[in-house]
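Below: one structure, written as structure tokens.
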Amino acid sequence: MSLHRGSRGPHVAALGGGHGLFATLSALRLITQNITAIVTVADDGGSSGRLRQEFNTIPPGDLRMALSALCDDGEWGQTWRDVLQHRFTSDGPMNGHALGNLLIVTMWEQLGDVVAGLDWVGDLLRIKGRVVPMSPIPLEIEADVEEDGTLRKYRGQVAVATARGRVKHVELIPENPPAQPEAVEAIRDAEWVVFGPGSWYTSVIPHLMVPQLHEALVQTKARKVMALNLGTEWETKGMSPADHVRSFHEHAPDVSLDVIIADPGSIDDLDGMDSIANELGAALMLRQVRMTENHALHDALRLAAAYRDAFEGTVGDVE
């Protein structure tokens, strides 16, 4: 497959949320403009959680992050990215709110249409691509977490993300929620679907539990690439990179993977990673994708190069 189809690049559907999806989109926009970000809608903390509760709407924060990531590097894009990400600090009720969250909710109230509102904000920012929610309704995450040999239930994204035990399984509330039609269409029309990096059980796995998204992921002709995290968070404490892939497969055994991208510095058991990749029929691609100065963060240029190689079929290891 040629990397560039016309001048805009391959059609890519990127699934996730928060800082992980921000890293993915910051890289993908360097190699294609045909991007649809499909964003989780289960956030219940901070500014997003307050707006979700007050206006009975889907949380805007992860959608704002995705829009910001797709801004170009010119003065217009970077200025609007900073405006969108601006967070108020005060002693009053505006404290902690991100301006972009308020702008997005305003557009939803003005237009009465979630996707149209996001498209308008995207046009204002002149983003490369499109941002849509994975579901038109706000969702909650419930997880079974093992703590000291006892299985406990946690409900809510913040509660699950900060649980001190090991997450064993997650579910969505309500069960079997509807998918955003534009998200389903983007997956069906994609050439590549991208999972990760990101908070595994609260940003990556939830997409697999929306029935129409799951069905589209099974039926699409798109190839699928997973980019693994550079480390673990509270919700994946004690999990190896191979465990991340296994948990994905356990939640959706019928969703295939074609390529797994991993930074060599994050792999503690290469044989284990090779084993799970071979079991799933996926090519394991080892690439240095972390920043030189901050090993906890992805480097947009390096991650873009890895995605480019995956899309072009250059999946051998690079020293």
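Proximity of a side-chain donor or acceptor of Ser26 to a complementary backbone N or O of Ala300 within less than 3.5 Å is not detected. In terms of modelled atom types and a separation under 3.5 Å, the side chain of Thr106 and the main chain of Leu102 share a donor-acceptor contact. Arg87 places a side-chain N or O within donor-acceptor distance of the main-chain N or O of Gly96, the cut-off being under 3.5 Å. With hydrogens and angles ignored, the 3.5 Å screen pairs no side-chain donor or acceptor of His249 with any backbone N or O of Val245. A donor-acceptor pair is defined here as one N or O able to donate and one able to accept, closer than 3.5 Å; no such pair exists between the side chain of Thr202 and the backbone of Ala161. Using a distance-only test at 3.5 Å, with no hydrogens or angles considered, no donor-acceptor pair links the side chain of Asp62 to the main chain of Val39. Counting only distance, with no hydrogens or angles, the side chain of Ser68 and the backbone of Arg64 share a donor-acceptor pair below 3.5 Å. Under the 3.5 Å distance criterion, the side-chain polar atoms of Glu191 are matched with a main-chain donor or acceptor of His11. Between the side chain of Lys224 and the backbone N or O of Leu217 there is at least one donor-acceptor pair closer than 3.5 Å. Listed for the Thr40 side chain is no donor-acceptor partner under 3.5 Å among the backbone atoms of Gly17.
Note that the NE2 atom of His295 and the CD atom of Glu293 stand 8.5 Å from one another [nearest 0.5 Å]. Rounding to the nearest 0.5 Å places CD1 of Ile276 at 5.0 Å from CZ of Arg246. Atom CG of Asn229 is separated from atom NE2 of His19 by 13.0 Å, given to the nearest 0.5 angstrom. Of the inter-residue distances, the one linking Ile38 atom CD1 with Ser135 atom OG reads 12.0 Å to the nearest 0.5 angstrom. Within the model, atoms NZ of Lys168 and CD of Glu146 stand 5.0 Å from one another, a figure rounded to the nearest 0.5 Å. Distance check: Gln85 CD to Leu67 CG gives 9.5 Å after rounding to the nearest 0.5 Å.
The shortest side-chain heavy-atom distance between Ser240 and Asp269 does not fall under the 4.5 Å cut-off. No side-chain heavy atom of Val12 sits less than 4.5 Å from a side-chain heavy atom of Thr36. Side-chain contact check for Val170 versus Met209: some heavy-atom pair is nearer than 4.5 Å. Taking 4.5 Å as the limit, some side-chain heavy atom of Leu230 sits within range of a side-chain heavy atom of Val289. Between Trp120 and Leu103 the shortest side-chain heavy-atom distance does not fall below 4.5 Å. Contact of the Arg302 side chain with the Gln288 side chain is registered, since non-hydrogen atoms from C-beta on lie closer than 4.5 Å. By the 4.5 Å heavy-atom criterion applied to side chains, Arg130 and Leu70 are not counted as neighbours. The closest side-chain heavy-atom distance from His169 to Ser247 is not below 4.5 Å.
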Open item on the list: I'd like to know whether Ile35 forms a side chain to side chain contact (heavy atoms under 4.5 Å, CB included) with Leu25, so could you lay out the CA-CA distance, the side-chain angles of the two residues, the decisive distance to 0.1 Å, and finally the verdict.
Closed with: CA-CA 8 Å; Ile35 308 167; Leu25 298 176; 3.8 Å; yes

TODO: Report the C-alpha distance between Val121 and Asp119 in whole Å, list the side-chain angles of each, state the deciding distance to 0.1 Å, and finish with yes or no for side chain to side chain contact (heavy atoms under 4.5 Å, CB included).
DONE: CA-CA 5 Å; Val121 177; Asp119 286 343; over 6 Å; no

Open item on the list: Please determine whether side-chain hydrogen bond (donor to acceptor under 3.5 Å, both in side chains) holds for the pair Arg50 and His97, giving the CA-CA distance in whole Å, both sets of side-chain angles, and the decisive distance to 0.1 Å.
Closed with: CA-CA 9 Å; Arg50 290 156 60 191; His97 273 306; 3.2 Å; yes

TODO: Could you walk me through whether Ser90 and Asn95 pass side-chain hydrogen bond (donor to acceptor under 3.5 Å, both in side chains), step by step?
DONE: CA-CA 5 Å; Ser90 73; Asn95 183 54; 4.7 Å; no

Open item on the list: Using side chain to side chain contact (heavy atoms under 4.5 Å, CB included), reason through Tyr154 and Thr162 one step at a time and then give a plain yes or no.
Closed with: CA-CA 10 Å; Tyr154 283 82; Thr162 57; over 6 Å; no

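Atom CG of Asp123 has more than 12 neighbouring heavy atoms from other residues, nucleotides or ligands inside a 6.0 Å radius. Counting non-hydrogen atoms of other residues, nucleotides and ligands closer than 6.0 Å to CD of Glu75 gives a total of 12 or fewer. Heavy-atom neighbours of Asp268 CG from other residues, nucleotides or ligands within 6.0 Å: above the threshold of 12. When the shell of 6.0 Å around CD of Gln110 is examined, it contains 12 or fewer heavy atoms from other residues, nucleotides or ligands.
Taking every heavy atom of both residues into account, Asn34 and Gly9 meet most closely at ND2-O, 2.6 Å. Heavy atoms only, all atoms of each residue included: Phe195 and Val255 are closest at CZ-CG1, 4.3 Å. Here the shortest heavy-atom pairing between Ala183 and Pro133 reads CB-O, 3.9 Å. Shortest non-hydrogen contact noted between Pro177 and Leu172 is CG-CD1, 4.0 Å. Contact between Ala42 and Pro59 at its shortest, heavy atoms only, is N-CG, 4.2 Å. Summarising the geometry of Val193 relative to Ala222, their closest heavy-atom pair is CG2-CB, 3.9 Å, with the distance given to 0.1 Å.
In this structure, Phe22 is not a member of the same hydrophobic cluster as Ile104, with clusters built from ILVMFWY side-chain heavy atoms closer than 4.5 Å. When the side chains of ILVMFWY residues are joined at heavy-atom separations under 4.5 Å, either directly or via intervening members, Ile261 and Met291 end up in two distinct hydrophobic clusters. Clustering ILVMFWY residues whenever any of their side-chain heavy atoms sit less than 4.5 angstrom apart, transitively, puts Leu21 in a cluster other than the one holding Val158. A single hydrophobic cluster is seen to contain both Leu111 and Leu63, as judged by linkage of ILVMFWY side chains at heavy-atom distances under 4.5 Å, directly or through other members. Taking hydrophobic clusters as Ile, Leu, Val, Met, Phe, Trp and Tyr residues chained together by side-chain heavy-atom distances below 4.5 Å, Leu208 does not share a cluster with Ile173.
Exactly one of Val204, Ile205, Leu228 qualifies for a side-chain contact (heavy atoms from CB on, under 4.5 Å) with His244. That residue is Leu228. Between Val41 and the options Ile137, Val114, Leu139, a side-chain contact (heavy atoms from CB on, under 4.5 Å) holds for only Leu139.
Salt-bridge check for Arg164 with Glu147: failed, with every basic side-chain N at 4.0 Å or more from each acidic carboxylate O. The pair Asp243-Arg166 meets the salt-bridge criterion, since a charged nitrogen lies less than 4.0 angstrom from a carboxylate oxygen. Of the charged side-chain nitrogens involved, none lies within less than 4.0 Å of a carboxylate oxygen, so that Arg29 and Asp72 do not count as a salt-bridged pair. We find that Arg290 and Asp263 are joined by a salt bridge, their nearest charged nitrogen and carboxylate oxygen being less than 4.0 Å apart. Under the 4.0 Å criterion applied to side-chain N and carboxylate O atoms, Arg52 and Asp44 are not assigned as salt-bridge partners.
Ring geometry, Trp200 versus Phe248: the interplanar angle falls from 30° to 60°, so the pair is classed tilted. Ring geometry for Trp76 versus Trp80: interplanar angle of 30 to 60°, hence tilted.
Residues that satisfy the ring-ring contact (aromatic ring centres under 6.0 Å, His included) test with His207, not counting sequence neighbours, are absent from this structure.
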